Amino acid sequence: MHVTTYDCTLRDGEQCEGITLSLEDKLRIVERLDAFGIDIVEGGFPASNPKDIAFFERVRTLPLRHACIAAFGSTCKKGVAAREDQGLADLLGSGAPVVTIVGKTWDAQVTRALQTSLEENLRMIADSVAYLKEQGRYVVFDAEHFFDGYKANPAYALACVRAAADAGADSVDLCETNGGVLPFEVEEIVAAAAAELPSAQLGIHCHNDSGCAVANTLAAVRAGVRQVQGTVNGIGERVGNTDLLTVIADLELKMGAHCVGGDALRELTGVSQFVAECCNVSVSAHHPYTGSSAFAHKGGLHASAIARFPEAYEHARPESVGNTARMLVSELAGKASLTAKAATLGVDLAAHPGKDQEILDDIKAREARGYSYETADGSLGLLLQRHLGLHRPHFTLESFRVIVDDREDSGALAKDAQSEATIKVHVGSHRLVATGEGVGPVGALDSALRLAITPFYPTLSTMELVDYKVRILDENIGTDAITRVVITTSDDEGTWGTVGVSENIIEASWNALVDSIEYGLVRAGVVPL
């Protein structure tokens with residue numbers, strides 16, 4: 001049994017309070033989900049804001065190997081023919097091969113929210129789906145409030161999904177919009193929809209307000225659904241959406257379904273952590289499958305038994321989802337994972353016997369101090385090279401100084417506060433002093449460093465700092481808290497991330513900035529002077 005995976009992290013996920021994704025974040029997430037094997041990735045509302053407009057333009061240039069991009073919108077407006085509706089025109093104009101439109105299926109929503117007739121709503125659904133199919137798109141119909149609608153008026157809710165199916169929708173996805181329905185209800189109602197539409201593909205989209213989103217999704221699959229929607233780590237509006245990664249693991253490991261396949265499933269934990277870092281949040285230590293405590297065991301009975309009979313205390317093999325078992329008194333080594341990761345960064349650890357444990361110990365010590373390498377391949381690559389004696393720095397720092405000058409208390413935007421950075425660095429036998437300006441301290445440091453060393457390394461002109469994230473660790477200790485800075489840099493060949501950690505935000509930023517430039521020069525094959 002194959003179950004199609006539909007990710008809506010870039011739209012529903014971004015509706016989570018406190019989460020905002022940059023354009024580069026969204027594109028990096030698309031690339032990671034594509035490599036993982038997600039079938040459909042929903043990008044957002046075309047033409048709704050400049051970032052989403054730019055997203056649909058940029059995503060077309062990505063060499064995606066598996067995932068199809070979906071544009072999200074709604075049915076045509078009441079009284080407007082589908083071919084004359086601007087919203088549908090924007091969906092088609094996005095160039096996305098998949099178009100998802102949401103339509104009302106609860107009679108009270110139709111009359112009170114849309115303020116139109118039940119018959120007109122059916123016309124809007126059928127006309128919109130048929131028109132999009134005529135334009136050659138794969139069409140997903142999101143049946144909003146389907147479960148509440150079915151409880152209130154089952155005949156009308158079924159008439160709505162029948163209208164979409166008869167008009168040619170490729171998948172009719174039943175939305176549990178309020179998140180309050182329980183699994184036994186979902187299974188009963190989905191079974192009724194499947195009986196009504198025996199030849200249609202059904203999907204499911206759940207929210208987690210009652211804590212049942214994953215269970216509801218699995219119940220829907222039992223009742224006949226073959227497309228599951230959700231977000232990575234379950235982020236979303238209010239208390240969140242279905243955690244798509246948990247659903248994938250449950251379907252593959254517990255229900256015998258095929259979503260991404262066993263080989264890709266071993267990337268589950270990495271995908272979870274990668275997206276969390278892009279969202280500038282942490283994966284809960286107790287998150288199913290992917291949390292750091294998901295396969296952790298304390299001393300005593302569990303610790304003594306786990307080596308002899310792991311199935312007694314582990315419902316799944318941790319390595320099957322890319323996680324590791326941990327004894328809280330001594331962590332188990334992950335040499336194989338490190339070796340595989342090093343290979344992707346061009347480092348052959350097999351040629352350096354004994355170094356893997358040394359590097360693992362260093363990584364663990366650094367992570368204890370606040371480092372995280374899930375989205376910092378550049379810093380990890382440099383760490384590996386330093387341990388193996390393969391790295392020669394392209395420049396070394398003597399000192400730097402940053403001044404922030406807010407010239408006028410005008411109440412205007414932050415552009416009035418300018419930063420100035422002066423650095424002293426050495427390139428080979430040259431001692432260089434440069435001063436740069438920027439809107440913020442990091443921009444000023446970046447400007448000064450480039451002024452100093454670009455004449456020696458012209459390749460720097462192709463590199464651009466595209467994202468900057470700050471995370472305060474251990475917030476409860478106030479100004480003494482550790483700061484983690486993650487920088488994303490790009491060149492003509494792609495992007496890479498680097499990380500810096502310090503009690504001083506400027507020092508953390510400098511460390512991440514140095515790694516970003518060092519790694520960019522290394523990956524470009526530039527030889528140090």
Side-chain angles (χ1 to χ4, degrees), residues 9-11 13-14 16 18-35 41 43-44 49-59 61-62 232-233 235 270-283 370-382 414-415 419 421 436 438-447 449-450 460-473 483-502 505-521 523-524:
T9 303
L10 305 186
R11 183 186 63 84
E14 199 173 18
C16 179
I19 289 181
T20 300
L21 296 169
S22 70
L23 174 59
E24 293 299 328
D25 287 331
K26 296 181 77 165
L27 294 170
R28 293 174 72 202
I29 289 172
V30 168
E31 291 179 313
R32 190 64 182 264
L33 295 180
D34 173 58
V41 178
N49 60 76
K51 183 171 68 178
D52 278 0
I53 293 172
F55 169 81
F56 282 102
E57 291 175 352
R58 289 275 301 278
V59 77
T61 68
L62 296 181
V232 175
N233 300 326
I235 60 173
V271 171
S272 172
Q273 294 175 346
F274 178 87
V275 174
E277 282 293 331
C278 287
C279 294
N280 207 22
V281 296
S282 294
V283 177
Y371 283 85
S372 175
Y373 291 98
E374 275 301 321
T375 58
D377 281 357
S379 291
L380 179 59
L382 293 174
K415 64 182 180 181
S419 295
V439 173
V442 179
L445 283 169
D446 183 50
S447 176
L449 183 57
R450 289 170 182 271
L460 266 177
S461 61
T462 67
M463 301 180 198
E464 180 182 5
L465 191 157
V466 295
D467 200 14
Y468 171 82
K469 283 189 175 70
V470 177
R471 182 150 176 242
I472 305 300
L473 310 178
T483 300
R484 179 165 70 214
V485 170
V486 176
I487 286 177
T488 303
T489 309
S490 70
D491 63 9
D492 296 336
E493 302 299 321
T495 63
W496 61 93
T498 51
V499 61
V501 171
S502 174
I505 187 173
I506 302 299
E507 183 179 13
S509 301
W510 170 260
N511 292 336
L513 180 63
V514 168
D515 273 9
S516 74
I517 290 177
E518 279 283 0
Y519 187 71
L521 293 172
R523 76 198 297 267

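Starting from 1, each residue takes its place in the sequence as its number. Not measured: the values here are computed from a predicted model.
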Task: Any side-chain heavy-atom pair of Y468 and S509 under 4.5 Å - done: yes

Task: 4.5 Å side-chain heavy-atom contact, Y519 and S379 - done: no

Inspect the contact between [Y] and [X] and indicate whether a charged nitrogen and a carboxylate oxygen are less than 4.0 angstrom apart.
{"X": "D52", "Y": "K26", "result": "yes"}
{"X": "R58", "Y": "E24", "result": "yes"}
{"X": "E277", "Y": "R484", "result": "yes"}

- [ ] Can you tell me which residue pairs pass the side chain to side chain donor-acceptor pair (under 3.5 Å) test with a partner in residues 490-500, sequence neighbours excluded?
- [x] D491-R523

Task: Contacts of type side-chain hydrogen bond (donor to acceptor under 3.5 Å, both in side chains), residue R32, not counting sequence neighbours - done: none

Would you confirm whether [X], through its side chain, and [Y], through its main-chain N or O, come within 3.5 Å as a donor-acceptor pair?
{"X": "N280", "Y": "V470", "answer": "yes"}
{"X": "E14", "Y": "L21", "answer": "yes"}
{"X": "N233", "Y": "I235", "answer": "no"}
{"X": "S447", "Y": "G443", "answer": "no"}

Heavy-atom closest pair, residues [X] and [Y]:
{"X": "R450", "Y": "L460", "value": "NH1-O, 2.9 Å"}
{"X": "V499", "Y": "S372", "value": "CG1-O, 3.8 Å"}
{"X": "G500", "Y": "A512", "value": "N-CB, 3.6 Å"}
{"X": "L10", "Y": "G43", "value": "CB-O, 4.1 Å"}
{"X": "Q273", "Y": "V283", "value": "CA-CG2, 4.0 Å"}
{"X": "F55", "Y": "L23", "value": "CA-CD1, 3.5 Å"}

Output the distance between atom [atom1] ([X]) and atom [atom2] ([Y]), rounded to the nearest 0.5 Å.
{"X": "I505", "Y": "E507", "atom1": "CD1", "atom2": "CD", "value": "12.0 Å"}
{"X": "D467", "Y": "D25", "atom1": "CG", "atom2": "CG", "value": "5.0 Å"}
{"X": "L513", "Y": "L445", "atom1": "CG", "atom2": "CG", "value": "6.5 Å"}

